[in-house]
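Here is how names work: the chains are called A, B, and so on, in the same order as the sequence lines, proteins then strands, and each is numbered from 1.
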Number of protein chains: 2
Amino acid sequence: MRILGVDPGLTRCGLGVIDSRPARTAELVAVDVVRTPAGDSVDVRLGALAEAFDTWLDEHRPDVVSIERVFARNDVSTIMGTAQVSGLTMGLAARRGIPVAMHTPSEVKAAITGSGRADKKQMTRMVTRILRLDAPPTPADAADALALAICHLWRGATAATSTPGPTKDLLARQAATRQGAGLTRAQEQWAAALRSSRR
Amino acid sequence: MRILGVDPGLTRCGLGVIDSRPARTAELVAVDVVRTPAGDSVDVRLGALAEAFDTWLDEHRPDVVSIERVFARNDVSTIMGTAQVSGLTMGLAARRGIPVAMHTPSEVKAAITGSGRADKKQMTRMVTRILRLDAPPTPADAADALALAICHLWRGATAATSTPGPTKDLLARQAATRQGAGLTRAQEQWAAALRSSRR
């Protein structure tokens, strides 16, 4: 299963693609952070992001898109931009029939490090380890998009959207993936990796 | 000049197209409200809206898109959906190089009725009058999208987005439109229409 993780933002939009591998491992396919100039108007920035996102969907053909779930925060201007980008990417994926799943930041942190309060450094270290990279992913803020993709690989079945058609397919595909990979053995390996990362 | 007004919303998204005519008048081209089922997941609803909006851009080829500017309100769940839809439509228009302008609800009300606090009934009556319709536009909640388009025709030059390239073209086009139409005579007619509607 190929997963595209999206860390939505107007100024920086993280995109990360992984392929799931046997034994609950995953492989990095592509990662980048799309930036749009703060001096441009919001519509032009959203247009540029639409182009970039559709290009990624064309090139990488993900089976599912995993997007950070946006919540109300104090800074309304930030949340508006994030909501606009998430709406844009969700609409572009869904119109192609690609299932979209949403995960909160704390769900992602818990899935990747075992703690919902992990800091950026811990997250980057675990993402680097899980994808067996020689060095942390670059740019530095690209790890979040990969973490969203990995998170979906791990908790997708329970956190998937309520999408009637596509999600049912997704759940079936995820169940098949788990069966093939041998969940118990994989879970053991994962727990070992987690223990190792906390040393 | 052809203007597409967008009243963004997940449950109901109003779309209204008008053509500007000499003497600051306007003609209805098309109007509808796109609805998505509340039971569907947000991504599927956004995907359906993306399809509908792109179809309108294809069919009507507007010179400019006028979207309601979303502000923070008390109901966070509502504003999130509205922000997602506005982000989606802005991105889809901008990627085609179509200028996007934003107007607040009170700007629209003031432009259409002369009062920023006009009620729905007054708005519908003025929209019906301005477009010289035999009956109020249907569906009933479609008038807002047309009002956004008319508002842009009237205050577009001052309220346009900061889009560097497209907006400059837009401003030039609007200036040309005004010059051709004879602003003073048109303004008189408009004022007369306003007076008439307040009787």
For A/M80 and B/I79, what are the C-alpha separation, side-chain angles and deciding distance, and is it a side chain to side chain contact (heavy atoms under 4.5 Å, CB included)?
CA-CA 9 Å; A/M80 286 298 296; B/I79 199 190; 3.8 Å; yes

Following the transitive rule for hydrophobic clusters with a side-chain heavy-atom cut-off under 4.5 Å over Ile, Leu, Val, Met, Phe, Trp and Tyr, establish whether B/L133 and B/V33 coincide in one cluster.
no

Taking all non-hydrogen atoms of both residues, which atom of B/A50 and which atom of A/G91 are closest, and how far apart?
CB-O, 4.2 Å

Starting from B/L57, can I reach B/L49 by hopping between I/L/V/M/F/W/Y residues whose side chains sit under 4.5 Å apart?
yes

Is it the case that one hydrophobic cluster holds both B/V34 and B/F53, taking links as side-chain heavy atoms less than 4.5 Å apart, direct or via other members?
yes

Taking the side chain as C-beta and beyond, is there a heavy-atom pair between B/D54 and A/R95 under 4.5 Å?
yes

Surrounding CZ of A/R2 (heavy atoms of other residues, nucleotides or ligands, distance under 6.0 Å), is the total greater than 12?
yes

Closest non-hydrogen atom pair between B/A94 and A/G47, with its separation:
CB-CA, 3.9 Å

Might you confirm whether atom CZ of B/R96 has over 12 heavy atoms from other residues, nucleotides or ligands at distances under 6.0 Å?
yes

If every non-hydrogen atom of A/S86 is compared with every non-hydrogen atom of B/Q84, which pair is closest and at what distance?
OG-NE2, 3.3 Å

Atom pair CG/CG of A/L46 and B/L88 - distance to nearest 0.5 Å:
9.5 Å

For residues A/M90 and B/D43, report the shortest heavy-atom separation together with the two atoms involved.
CE-N, 3.6 Å

Answer yes if A/L131 and A/V64 sit in the same cluster of Ile, Leu, Val, Met, Phe, Trp and Tyr residues linked by side chain heavy atoms under 4.5 Å apart, and no otherwise.
yes

